[in-house]
Every structure is written in structure tokens, then in C-alpha cells.
Amino acid sequence: MDDEFWLNKWTTNEIGFHEPEPHPCLVAHWDKLALPRNSIVFVPLCGKSNDMRWLVDQGYRVVAVELSDLACRAYFEENAIDFEVVEHGPFNIYESKECKIYQGDVFRLQSNHLAGVAAIYDRAALIALDPASRQRYSELLDQLTPNAKSLTITVHYDETILTPPPFIVPDDEVRQRHIARSLEFLGETETQVKGEPATEHSFLIR
């Protein structure tokens with residue numbers, strides 16, 4: 001899926017992937033990361049996710065990246081959060097006291113953008129990328145956040161009924177991408193994708 005595909009989703013408000021409440025797997029599993037309050041959490045391909053507001057409310061600082069300027073602006077405006085927008089290199093930065101969203105291409109992030117990140121919360125990025133892009137994405141995070149913990153959520157559904165996105169990321173692929181790290185499978189949760197039954201798999205990666 002190219003950039004125009006996702007930008008068009010926001011322009012036409014076809015955002016069935018957006019959830020109005022914090023994700024249940026985030027709420028259920030986040031404490032397992034044992035992350036000190038005020039730590040920086042990176043949320044890739046964040047959209048206008050209320051998961052970011054939940055993390056801020058728990059006492060964390062959020063750094064995120066999102067392609068759509070509509071999504072970035074909507075996060076702050078819909079949550080009545082004061083923010084400013086500044087241009088910085090390839091990104092426009094939407095920023096409040098506790099949350100900073102880089103609006104632009106995730107693959108243009110550099111180490112200075114993610115300085116100090118202690119953990120990654122990935123509910124939407126890995127499953128939004130095709131296999132070749134997932135490889136680039138994983139290599140990028142390994143390079144920019146080598147010591148960060150991660151809560152990663154994948155999705156599984158009947159491929160004879162639904163087509164991507166979201167993409168199915170097999171458990172073995174998650175394990176292989178993090179073969180040098182400690183990986184713990186946290187469980188399987190029932191959900192729906194495009195109105196059809198699906199399951200989500202949660203992983204804690206250290």
C-alpha cells in the first residue's frame with residue numbers, strides 16, 4: 001500500500017481501523033513492560049489513536065509518527081489539547097507538552113527523532129506494511145531504538161474472506177524478526193476486522 005492509499009483513507013474518512021477507546025491489549029498488558037513513569041514511548045503510524053492519550057494519562061511521554069496531517073491535527077483537536085506545529089526537516093511536528101507527532105514518512109526518521117525512546121507500542125504499524133516494507137521497518141527500529149522494549153500486536157483472520165490491509169503477520173515472522181531478543185507471547189484476543197471474526201496476538205519484546 002503506497003502513501004496515497006493511506007492519505008486517501010483519511011481524506012475520505014474511511015478510518016474503520018480507528019478505535020474510539022484505548023485498545024484492550026494495551027490496557028491489559030502495558031504494565032508488563034515495567035516502564036518507569038515519564039519514560040518516552042514511540043507509537044509508529046499512530047493515526048489519531050486514543051492509545052496515545054491513554055499512555056499520557058498513565059504518566060508517559062509519547063513520540064509518534066503519522067503520514068496524514070489530518071490525523072495528526074485530529075488527535076489534538078478531538079482531545080482538546082493545545083499544540084503547535086513546526087517544520088523540521090522532512091517533517092511537520094505537531095507537539096504538546098506530553099506528545100510529539102512527526103507528520104511524514106516513517107522511513108525518514110533518524111536517531112535524533114527517537115532519542116531517549118524506552119519502549120515501542122506497535123498496534124498499527126507492522127500490520128499496515130507488506131512483507132518487504134516490514135523488513136525495512138524492523139531494520140529501521142533495530143537501528144534507531146536498539147534498547148527499547150516493545151508491546152507488539154498482530155492480527156489474524158480468514159484470508160479466503162478478507163484481503164489486506166491489515167496484513168497478517170505470522171507468529172513465526174515476529175519471532176524471527178526478534179531472534180536476538182527475548183520474546184514473550186502474551187495471549188490471543190478475539191476481535192473483528194471489517195466486520196469479520198479475527199484474533200489479535202500480543203507480544204512483549206525485550
Side-chain angles (χ1 to χ4, degrees), residues 1-10 15 17-19 23 25-26 29 33 40-49 51-52 55 62-69 71-72 75 88-94 100-157 163-186 193 200-206:
M1 305 298 169
D2 60 18
D3 290 354
E4 287 304 315
F5 173 87
W6 293 110
L7 290 172
N8 186 62
K9 289 291 186 184
W10 285 98
I15 53 172
F17 48 82
H18 174 72
E19 297 185 359
H23 196 283
C25 294
L26 169 65
H29 297 308
L33 274 70
I40 301 175
V41 179
F42 176 49
V43 183
L45 279 58
C46 63
K48 60 175 183 178
S49 174
D51 294 344
M52 294 188 288
L55 287 165
V62 169
V63 172
V65 64
E66 165 57 40
L67 186 64
S68 168
D69 60 326
C72 295
Y75 168 73
H88 181 75
F91 298 99
N92 288 323
I93 303 175
Y94 288 70
K100 177 190 296 184
I101 304 178
Y102 291 99
Q103 184 258 312
D105 183 355
V106 62
F107 293 108
R108 302 191 74 177
L109 287 172
Q110 298 181 10
S111 56
N112 61 297
H113 298 125
L114 302 185
V117 165
I120 300 163
Y121 170 60
D122 185 345
R123 184 197 75 83
L126 198 64
I127 62 174
L129 301 171
D130 60 64
S133 297
R134 290 202 296 270
Q135 181 66 31
R136 285 183 64 201
Y137 168 75
S138 297
E139 291 173 353
L140 179 70
L141 292 192
D142 283 345
Q143 175 188 351
L144 301 186
T145 59
N147 300 313
K149 304 175 184 179
S150 175
L151 175 60
T152 296
I153 301 169
T154 60
V155 67
H156 299 259
Y157 52 78
T163 57
F167 289 88
I168 293 174
V169 182
D171 292 357
D172 285 346
E173 179 180 331
V174 178
R175 294 187 180 95
Q176 186 62 35
R177 292 192 185 282
H178 301 284
I179 196 167
R181 300 193 181 199
S182 169
L183 185 145
E184 179 183 354
F185 176 64
L186 298 176
V193 172
E200 290 176 314
H201 292 188
S202 299
F203 297 88
L204 172 59
I205 301 163
R206 301 182 181 92

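Treat the numbers as computed from the prediction; the structure is a model and nothing was measured.
Ring orientation note: the planes of F203 and F185 are tilted relative to one another, at an angle of 30° to 60°.
To the nearest 0.5 Å, the span separating NE2 on H29 from NE2 on H23 amounts to 9.5 Å. From L114, atom CG reaches atom OG1 of T145 across 6.5 Å, with rounding to the nearest 0.5 Å. We find the CG-CZ distance between L183 and R206 to be 9.5 Å, quoted to the nearest 0.5 Å. From I205, atom CD1 reaches atom CD1 of I120 across 8.0 Å, with rounding to the nearest 0.5 Å.
Contact detail for H156 and V169: the closest heavy-atom pair is CE1-O, 3.5 Å. Of all heavy-atom pairs between V155 and I127, the closest is N-CG2, 3.9 Å. Taking each heavy atom of I40 and A115 in turn, the nearest pair found is CD1-O, 3.9 Å. Contact detail for Y157 and T163: the closest heavy-atom pair is OH-C, 3.9 Å. Closest approach of A71 and E66 over heavy atoms only: CB-CG, 3.8 Å.
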**Request:** Please step through side-chain contact (heavy atoms from CB on, under 4.5 Å) for the pair D69 and Y94, ending with a clear verdict.
**Result:** CA-CA 9 Å; D69 60 326; Y94 288 70; 3.6 Å; yes

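Looking only at side-chain heavy atoms (C-beta outward), V65 and F91 come within less than 4.5 Å of each other. Looking only at side-chain heavy atoms (C-beta outward), C46 and Y75 stay at 4.5 Å or farther from each other.
Between the side chains of E139 and Q143, no donor-acceptor pair is found at a separation under 3.5 Å.
Listed by first and then second residue, the side chain to side chain donor-acceptor pair (under 3.5 Å) pairs that reach into residues 103-118 are N92-Q103, sequence neighbours excluded.
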